[in-house]
Amino acid sequence: MKNIDVKEFIGAMEELEKERGIKKEYLIESLEAALVTAYKKNFESVDNVKVTIDEKSGDIHIYSLKTVVAEYPDPLLEISVEDAQKIDSHYNEGDIVSLEIKPKDFGRIAAQTAKQVVVQKIREAERDMVFTEYNDKKGEIVSGLIQKADGGIVVMDLGKLEGVMPIKEQIPTEHYKVNDKVRGYVLEVERGIKGNPQVIVSRSHPDFVRKLFEFEIPEIYEGLIEIKSISRDAGSRSKLAVYSKDQNIDPVGSCVGQKGVRIQNIINELNGEKIDVIEWSEDPAVYIAAALLPAQVLAVDIKEEEKFAQVIVPDDQLSLAIGKSGQNARLAARLTNWKIDIKSETQFREMLEKQAGEDTTETEE
């Protein structure tokens, strides 16, 4: 059965393969499956049916598939050995015979079905391509215009699809407005309503800061400096531990830049969020002392098995070491992955005197 419209769709499929990378074979297979459904629906058939399309001519062939049986065949699904061998003497019991069907007026139905299938599959393929494209961007930074910002979820226009920034992924101190251009970290790519891909964007994730440093600091991008750890209270303060195997490279100085020029671009992107860059050390005492910057540290007593550190600071540095609402100590503990107890010099001395008194009492007893 020949149909000019279907032939035209074959040509359109070839163009789609060239322009959008949607495989012609994929579209033809989908069309053949849809034509089987269309045939059964329009002709109320329960037969086992196969449809094939000649890619060059556009000819459509419909076959009823019947299983060869020895006796008492179901005429809709089976054929006797005797009748099968009249078609071809090589047929035996269990074989499948393909009998071509030529229904009237199926050309019009085929053309309608072809149009529906091609449009549907183009949409599906485009969604898949966009999903793949953005799934490959997971862990990267994207830019977009804010479409919706009403105090809840922020919706961004990323060009080919929408980005969604849930409340927990927003920086608490930021206020987003429609048409603002913002950057965010691709946290996840999901299948949304009707299979449309949706990007979950974050500005509060610690790795957003990591990617900003990769963008701004060439030595990090090139692998000369490694970010060992990050801890963050989004909108307030971040701490980064950096390290370089090259002794000629100052990892902290490279990140901060002359007069703080390099790091200032990152601070501006984060709307003034404070950033402490410290040098990572394999010596936990040195590392923990650095992590408590900007506070000065007098001593660090390490208990390796418990991953516990007792830190002593000057009396006038205690509040700075702990930070407002314990933030500095909390971020240092997250950065180093150590439990940290901070005491002032006076507190530590009083603690020692108390222990000494308790030891004396026990000895007297």
Side-chain angles (χ1 to χ4, degrees), residues 133-144 154 156 158 163-174 176 181-190 199-246 249-258 260-282 284 287-288 290-294 323 327-338:
E133 178 185 341
Y134 277 86
N135 202 46
D136 290 342
K137 290 182 180 179
K138 196 185 295 184
E140 299 296 329
I141 288 178
V142 292
S143 297
V154 170
M156 299 166 58
L158 301 178
V164 174
M165 186 160 48
I167 292 176
K168 68 176 183 177
E169 302 304 336
Q170 298 168 25
I171 295 177
T173 54
E174 290 184 339
Y176 307 101
K181 187 174 182 179
V182 297
R183 292 200 285 175
Y185 176 79
V186 178
L187 192 62
E188 195 60 67
V189 182
E190 300 174 345
V199 176
I200 308 300
V201 177
S202 175
R203 283 181 59 82
S204 66
H205 199 280
D207 282 338
F208 181 46
V209 177
R210 182 188 298 273
K211 296 307 293 188
L212 289 173
F213 269 84
E214 286 182 13
F215 275 131
E216 295 293 339
I217 315 300
E219 291 88 345
I220 293 178
Y221 180 79
E222 293 166 7
L224 299 173
I225 294 174
E226 180 184 353
I227 298 175
K228 286 284 191 178
S229 181
I230 298 177
S231 60
R232 186 182 185 204
D233 275 353
S236 180
R237 192 178 213 106
S238 288
K239 287 181 181 285
L240 273 82
V242 294
Y243 171 76
S244 178
K245 293 179 182 177
D246 190 336
I249 294 177
D250 173 9
V252 175
S254 297
C255 291
V256 174
Q258 192 171 8
V261 171
R262 284 183 164 186
I263 201 171
Q264 192 59 48
N265 290 332
I266 300 170
I267 292 171
N268 292 342
E269 173 63 43
L270 299 174
N271 291 311
E273 183 174 317
K274 295 181 177 67
I275 302 176
D276 299 330
V277 182
I278 63 110
E279 186 169 2
W280 178 86
S281 172
E282 61 183 354
Y287 185 25
I288 290 165
L292 286 166
L293 286 172
Q327 183 190 67
N328 196 56
R330 184 172 63 252
L331 288 176
R334 270 194 236 150
L335 186 76
T336 58
N337 200 28
W338 279 70

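Every value quoted in this text rests on a predicted model; they were computed, and no experiment measured them. Atoms considered below: every heavy atom in the structure, side chains included; atoms not considered: hydrogens, waters and symmetry mates.
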**Q** Given M156, which of V182, V199, V164 fulfils the side chain to side chain contact (heavy atoms under 4.5 Å, CB included) condition?
**A**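 It is V182; the other options fail the test.
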
**Q** Look only at the side chain of Q170 and the backbone of M165, and say whether a donor-acceptor pair between them is shorter than 3.5 Å.
**A**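 Yes, because the side chain of Q170 sits within donor-acceptor range (under 3.5 Å) of the backbone of M165.
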
**Q** Do Y176 and I171 make a side-chain contact, defined as non-hydrogen atoms from C-beta onward lying under 4.5 Å apart?
**A**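 SC-SC contact between Y176 and I171 confirmed.
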
**Q** Under the criterion side chain to side chain contact (heavy atoms under 4.5 Å, CB included), which of V277, I278, I249 is the partner of V242?
**A**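 Going through the options one by one, the only one that passes is V277.
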
**Q** Any salt bridge between R203 and E269, counting N to O under 4.0 Å?
**A**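 E269 and R203: salt-bridged.
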
**Q** Less than 4.0 angstrom from a charged side-chain N to a carboxylate O is my criterion; do D233 and R334 meet it?
**A**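 Yes.
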
**Q** Should the pair H205 and Y185 be assigned to parallel (<30°), tilted (30 to 60°) or perpendicular (>60°) ring geometry?
**A**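 Because their plane-to-plane angle is under 30°, the rings of H205 and Y185 count as parallel.
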
**Q** When rounded to the nearest 0.5 angstrom, what distance separates OG1 in T173 from CG in L270?
**A**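 Result: 9.0 Å between the selected atoms.
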
**Q** Less than 4.5 Å apart, side chain to side chain, heavy atoms only: is that true for I227 and F213?
**A**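 Yes, at least one pair of side-chain atoms sits under 4.5 Å.
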
**Q** Hey, are the side chains of Y287 and S229 touching, using non-hydrogen atoms and a 4.5 Å cut-off?
**A**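 When only atoms from C-beta onward are counted, S229 and Y287 do touch, with a gap below 4.5 Å.
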
**Q** Going by heavy atoms in the side chains, are I200 and E190 under 4.5 Å from each other?
**A**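 Answer yes - side chains close enough.
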
**Q** Are any non-hydrogen side-chain atoms of S236 and Q327 less than 4.5 angstrom apart?
**A**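 Counting from C-beta outward, S236 and Q327 do come under 4.5 Å.
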
**Q** Nearest 0.5 angstrom please: I225 CD1 to S254 OG, how far?
**A**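 Output value for this atom pair is 4.0 Å.
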
**Q** Let me have the donor-acceptor pairs involving side chains of residues 134-141, under 3.5 Å, with sequence neighbours excluded, atom names and distances please.
**A**
from	atom 1	to	atom 2	distance (Å)
Y134	OH	L158	O	3.1
K138	NZ	E188	OE2	3.0

**Q** Hey, does I275 have a side-chain heavy atom less than 4.5 Å from the side chain of I263?
**A**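 A side-chain contact under 4.5 Å exists here.
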
**Q** Working to the nearest 0.5 angstrom, can you tell me the gap between K168 NZ and S202 OG?
**A**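 So the NZ of K168 and the OG of S202 are separated by 9.0 Å.
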
**Q** In plain terms, say whether E219 and R262 are close enough for a salt bridge, that is, a side-chain N and a carboxylate O under 4.0 Å apart.
**A**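 Judged by the 4.0 Å cut-off on N to carboxylate O distance, E219 and R262 do form a salt bridge.
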
**Q** May I ask you to test the W338-P284 pair for a side-chain heavy-atom distance under 4.5 Å?
**A**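 A side-chain contact under 4.5 Å exists here.
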
**Q** State plainly whether the residues E273 and R232 are in salt-bridge range, i.e. N to O under 4.0 Å.
**A**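 Looking at R232 together with E273, the answer is yes, because their closest N to O distance falls below 4.0 Å.
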
**Q** Name the residue from T336, D276, L292, V209 that meets the side chain to side chain contact (heavy atoms under 4.5 Å, CB included) definition with K239.
**A**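 The residue from T336, D276, L292, V209 that satisfies side chain to side chain contact (heavy atoms under 4.5 Å, CB included) with K239 turns out to be D276.
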
